[in-house]
Asks: 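The structure follows.
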Amino acid sequence: MATISSTQESAVVGRPSPNLRAIFDAQRSASRAGTLPYARRVASLGAIESVVLDRQAEIVRAVDEDFGGRAREETLGLELAPLIDSLRHTKRHLRQWMKTRSVRAGIQYFPASAKIVYQPLGVVGIAGAWNYPILLTLLPLVDAIGAGNRVMLKPSELAPATAELLRSMLAGVFSEDYVAVVNGDAAIGAEFATLPFDHLLFTGSTRVGKMIMSAASKNLTPVTLELGGKSPAIVHQDFPLRTAVERILTGKLYNAGQTCLAPDYVLVHESKRDEFVALAQEIAARLYPEWLGNPQYTRIINRAHYQRLQGYLDDAAARSARVISLGKDRKGCDSTNRVFPGVLIADVNDSMQVMQEEIFGPILPVLTYRDLGEALKYVNDHPRPLALYYFDYDAARVERVLDETTSGGVTINDVIYHIAQNNLPFGGIGPSGMGHYHGRAGFETFSQTPPYGPVSERVIRFLLRK
Ligand code: NAD
């Protein structure tokens with residue numbers, strides 16, 4: 001496997017933008033020339049698996065460089081481990097997924113048969129996000145390759161070392177007319193979205209998602225949009241509060257809150273609010289005994305995002321919210337080192353920016369409710385979230401919450417983990433996204449499935465008889 005040396009890396013700076021159209025055309029003509037068979041797809045998945053496993057140390061280093069400090073455990077445990085798990089799941093099941101499925105034809109069409117045939121779409125575009133820069137580019141790649149497609153990948157320019165490593169890794173494994181990584185800034189991203197892909201999957205913000213969909217619409221390119229939003233965590237007063245706080249804070253502070261599925265805000269019963277705050281202070285100090293200089297606490301991706309987060313705190317404080325520091329010591333943490341300590345905000349309301357925008361950082365607003373109906377009304381009065389978390393052991397109330405809310409996905413009594421289930425489709429709804437991937441759902445997203453099968457000439461003639 002080719003590795004990039006630092007001289008090669010510096011040579012990349014200033015390289016002219018890749019000729020996107022030429023790469024696309026090469027992939028399209030290759031895709032129209034024939035379908036990649038099962039064996040080739042499995043070999044490709046195996047090649048991705050090997051290159052990722054062989055180059056783990058480089059991956060950890062590149063992501064660390066991009067964040068200016070990214071917990072090694074997060075890169076290995078939250079990116080590579082789920083990627084490899086999903087990849088092996090796809091390898092295990094692909095033969096079965098690819099099988100033509102017979103379905104019953106209408107009796108009036110006797111003796112016709114009907115079949116669902118899974119065909120590759122052709123050329124798929126994948127635009128990834130920076131927050132999990134390996135997982136969010138390679139996981140859709142696995143699904144698209146499993147379904148037999150050619151793929152152009154555009155990693156996020158906000159994680160440039162990882163983007164360049166991805167290019168080098170995949171260029172060592174695939175020819176450009178099969179899988180190509182194109183790197184560049186937002187202008188390249190915009191150009192990328194204008195290519196007439198057979199499908200385009202974008203992971204990023206709702207704001208850019210709209211631009212992607214608008215560009216894709218010019219070609220009638222179908223899109224899967226994996227977006228963000230404000231995912232609530234609701235804690236019932238009967239649920240053991242310490243357990244809830246531990247799980248919510250753990251999920252919130254992974255990657256310093258820069259996680260699409262992080263609980264954005266929490267709704268606790270008004271009688272439990274002070275206990276929630278006290279427990280959060282104790283537990284945060286245990287999880288992160290210090291913020292600055294702690295290699296397990298990830299930094300904010302860049303100064304602009306740091307200032308955005310600081311702006312939420314300043315705005316909330318100016319509107320009389322209570323900003324409650326977590327953990328031991330914030331001293332020395334600033335936009336230069338980009339260490340943003342975990343923090344709670346109490347007494348918030350919707351006039352504050354922090355309750356209007358997806359936070360995407362380690363700030364947790366704590367809202368209160370008097371009865372469950374009030375909490376559900378708050379959630380339903382706001383845009384449909386990517387995820388919803390509910391903490392309660394009472395099956396009837398859990399049923400009620402599932403029944404009365406709509407979100408991209410749900411984890412009960414914990415946060416985030418529904419994303420790690422290979423058998424669950426993953427995606428958002430409304431402003432948090434459209435379409436699904438992961439496992440079989442991803443295979444189907446990137447496959448064309450003619451909804452009817454071969455109907456014999458005889459039957460057609462019979463049905464169209466005069
Ligand atoms: P972003 O939307 O700001 O940027 C994403 C990418 O879009 C950039 O890398 C850029 O190259 C590209 N881009 C910018 N302008 C463009 C244009 N006009 N046309 C085409 N491409 C353009 O998002 P981000 O800051 O990278 O990620 C944060 C957001 O992503 C959050 O909202 C988060 O919730 C969401 N997210 C969602 C998921 C998910 O799986 N649902 C996962 C991770 C992140």
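Read the numbers this way: they start at 1 and go in the same order the structure lists the ligands and their atoms.
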Asks: I need the nearest protein heavy-atom contact for atom 39 (C) of ligand 1: residue, atom name and distance, please.
Replies: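 Result: Cys260 SG, 3.4 Å.
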Asks: Applying salt bridge (Lys or Arg N to Asp or Glu O under 4.0 Å), run through Glu444 and Arg440 and close with a yes or a no.
Replies: CA-CA 6 Å; Glu444 294 191 353; Arg440 179 163 193 138; 2.8 Å; yes
Asks: For the CE atom on Met213, are there more than 12 heavy atoms of other groups (residues, nucleotides or ligands in this structure) within a distance under 6.0 Å?
Replies: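 Counting neighbours around CE of Met213, 12 or fewer heavy atoms of other residues, nucleotides or ligands fall under 6.0 Å, so no.
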Asks: Tell me whether Arg308 is salt-bridged to Glu357, with the criterion being a basic N under 4.0 Å from an acidic carboxylate O.
Replies: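 Looking at Glu357 together with Arg308, the answer is no, because their closest N to O distance does not fall below 4.0 Å.
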Asks: Purely on distance, is any nitrogen or oxygen of Ser156 under 3.5 Å from one on ligand 1?
Replies: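 Between Ser156 and ligand 1, an N or O pair is found under 3.5 Å apart.
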Asks: What is the nearest protein non-hydrogen atom to atom 40 (O) of ligand 1, stated with its residue, atom name and distance?
Replies: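 That would be Phe426 CE2, 3.4 Å.
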Asks: For atom 21 (N) of ligand 1, what's the nearest protein heavy atom and its distance?
Replies: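 Here the closest protein heavy atom is Gly189 C, 3.5 Å.
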Asks: To check your reading of the model: name the closest protein heavy atom to atom 19 (N) of ligand 1, its residue, and the distance in Å.
Replies: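 Going by distance alone, atom 19 (N) of ligand 1 is nearest to Ala190 CA, 3.3 Å.
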Asks: Tell me whether Arg167 is salt-bridged to Glu164, with the criterion being a basic N under 4.0 Å from an acidic carboxylate O.
Replies: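 Yes, charged N to carboxylate O under 4.0 Å.
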Asks: Are Gln258 and Thr298 close enough that a side-chain donor and a side-chain acceptor fall under 3.5 Å?
Replies: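 The criterion, which ignores hydrogens and geometry beyond distance, is not satisfied for Thr298 and Gln258.
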Asks: Distance under 6.0 Å and angle within 45° of the ring axis: does Arg70 meet both against Tyr132?
Replies: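 Judged by the rule (NZ or CZ under 6.0 Å from the ring centre, within 45° of its axis), Arg70 counts as positioned above Tyr132.
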Asks: What protein heavy atom is closest to atom 6 (C) of ligand 1, reported as residue, atom name and distance in Å?
Replies: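 Result for atom 6 (C) of ligand 1: Phe202 CE1, 4.0 Å.
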Asks: What atoms of ligand 1 come closer than 4.0 angstrom to any heavy atom of Leu386?
Replies: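 Those qualifying, in numeric order: 41 (N).
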Asks: With no hydrogens and no angle check, do the side chains of Asn131 and Asn255 hold a donor and an acceptor under 3.5 Å apart?
Replies: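 No, Asn255 and Asn131 have no side-chain donor paired with an acceptor closer than 3.5 Å.
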Asks: Applying a strict 4.0 Å limit to heavy atoms, is Tyr132 in contact with ligand 1?
Replies: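 In this structure, Tyr132 fails to qualify as a contact of ligand 1 - no heavy atom is under 4.0 Å.
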Asks: Could you go step by step and tell me if Arg32 and Asp198 meet the salt bridge (Lys or Arg N to Asp or Glu O under 4.0 Å) rule?
Replies: CA-CA 12 Å; Arg32 279 17 176 201; Asp198 297 300; 3.0 Å; yes
Asks: Can you confirm whether the side chains of Thr445 and His199 place a donor and an acceptor under 3.5 Å from each other?
Replies: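 Their side chains do not contain a donor-acceptor pair, so the 3.5 Å distance test is not met.
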Asks: Ignoring hydrogens, just give me the one of Gly428, Gly409, Ser205 whose non-hydrogen atom is nearest atom 1 (P) of ligand 1.
Replies: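 Considering heavy atoms of Gly428, Gly409, Ser205, the nearest to atom 1 (P) of ligand 1 sits in Ser205.
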Asks: Please identify which atoms of ligand 1 are closer than 4.0 Å to at least one heavy atom of Ile212.
Replies: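 Selected atoms, number and element: 20 (C), 21 (N).
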Asks: Among all protein heavy atoms in this structure, tell me which lies nearest to atom 8 (C) of ligand 1, with the distance rounded to 0.1 Å.
Replies: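 Closest protein heavy atom to atom 8 (C) of ligand 1: Glu157 OE1, 3.7 Å.
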Asks: Is there a heavy atom in Phe192 that sits closer than 4.0 Å to ligand 1?
Replies: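 No, Phe192 has no heavy atom closer than 4.0 Å to ligand 1.
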Asks: How does Asn131 reach ligand 1, by side chain, by backbone, by both or by neither, if only non-hydrogen atoms under 4.0 Å count?
Replies: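 The answer is the side chain of Asn131.
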Asks: Considering only heavy atoms of Leu227, which atoms of ligand 1 have at least one such atom less than 4.0 Å away?
Replies: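 Listed by number with element: 37 (C), 38 (C), 39 (C), 41 (N).
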Asks: State which residues pass ring pair (Phe, Tyr, Trp, His ring centres under 6.0 Å) with His89; sequence neighbours excluded, sorted by chain then number.
Replies: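 Testing His89 for ring pair (Phe, Tyr, Trp, His ring centres under 6.0 Å), a comparison that skips the adjacent residues, returns His93, Trp97.
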Asks: List the residues meeting salt bridge (Lys or Arg N to Asp or Glu O under 4.0 Å) with Glu404, not counting sequence neighbours, and say none if there are none.
Replies: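 Scan of Glu404 (salt bridge (Lys or Arg N to Asp or Glu O under 4.0 Å), adjacent residues dropped) gives Arg400.
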Asks: Going by the closest heavy atom to atom 13 (N) of ligand 1, which one wins out of Thr194, Asp264, Leu225, Val208?
Replies: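 The residue whose heavy atom sits nearest atom 13 (N) of ligand 1 is Val208.
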Asks: Using the salt bridge (Lys or Arg N to Asp or Glu O under 4.0 Å) rule, take Arg319 and Asp347 through it: C-alpha gap first, then chi angles, then the decisive distance, then the call.
Replies: CA-CA 9 Å; Arg319 292 169 197 271; Asp347 303 327; over 6 Å; no
Asks: When you measure from atom 27 (O) of ligand 1 to every protein heavy atom, which one gives the shortest distance, and what is it?
Replies: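 Answer, as residue, atom name and distance: Trp130 NE1, 3.7 Å.
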Asks: Which ligand 1 atoms, with their elements, are less than 4.0 angstrom from a heavy-atom of Gly228?
Replies: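 This gives 32 (O), 34 (O) as the contact atoms.
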Asks: Look at atom 31 (C) of ligand 1 and find which of His305, Glu226, Met211, Glu358 reaches it with the closest heavy atom.
Replies: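 Among His305, Glu226, Met211, Glu358, the closest heavy atom to atom 31 (C) of ligand 1 comes from Glu358.
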Asks: Looking at non-hydrogen atoms alone, which of Gly204, Gly184, Ala186 comes nearest to atom 29 (C) of ligand 1?
Replies: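 It is Gly204 that holds the nearest heavy atom.
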Asks: Hey, is Lys154 one of the residues with a heavy atom under 4.0 angstrom from ligand 1?
Replies: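 The answer is yes: ligand 1 sits under 4.0 Å from a heavy atom of Lys154.
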Asks: Heavy atom of Leu158 under 4.0 Å from ligand 1?
Replies: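 Not so, Leu158 does not reach ligand 1.
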Asks: Can the ring centres of His305 and Phe360 be said to be less than 6.0 Å apart?
Replies: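 Not close enough - the centres of the two rings lie 6.0 Å or further apart.
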Asks: Are a donor atom and an acceptor atom from the side chains of Tyr178 and Ser44 found within less than 3.5 Å of each other?
Replies: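 Note: Tyr178 and Ser44 side chains meet the donor-acceptor criterion.
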Asks: With a cut-off of 4.0 Å, which atoms of ligand 1 are near a heavy atom of Leu136?
Replies: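 In order of number, 42 (C), 43 (C).
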Asks: Looking only at distances, please establish whether an N/O atom of ligand 1 is found under 3.5 Å from an N/O atom of Arg207.
Replies: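 Looking only at distances, the answer is no, because the N/O contact criterion of under 3.5 Å is not met.
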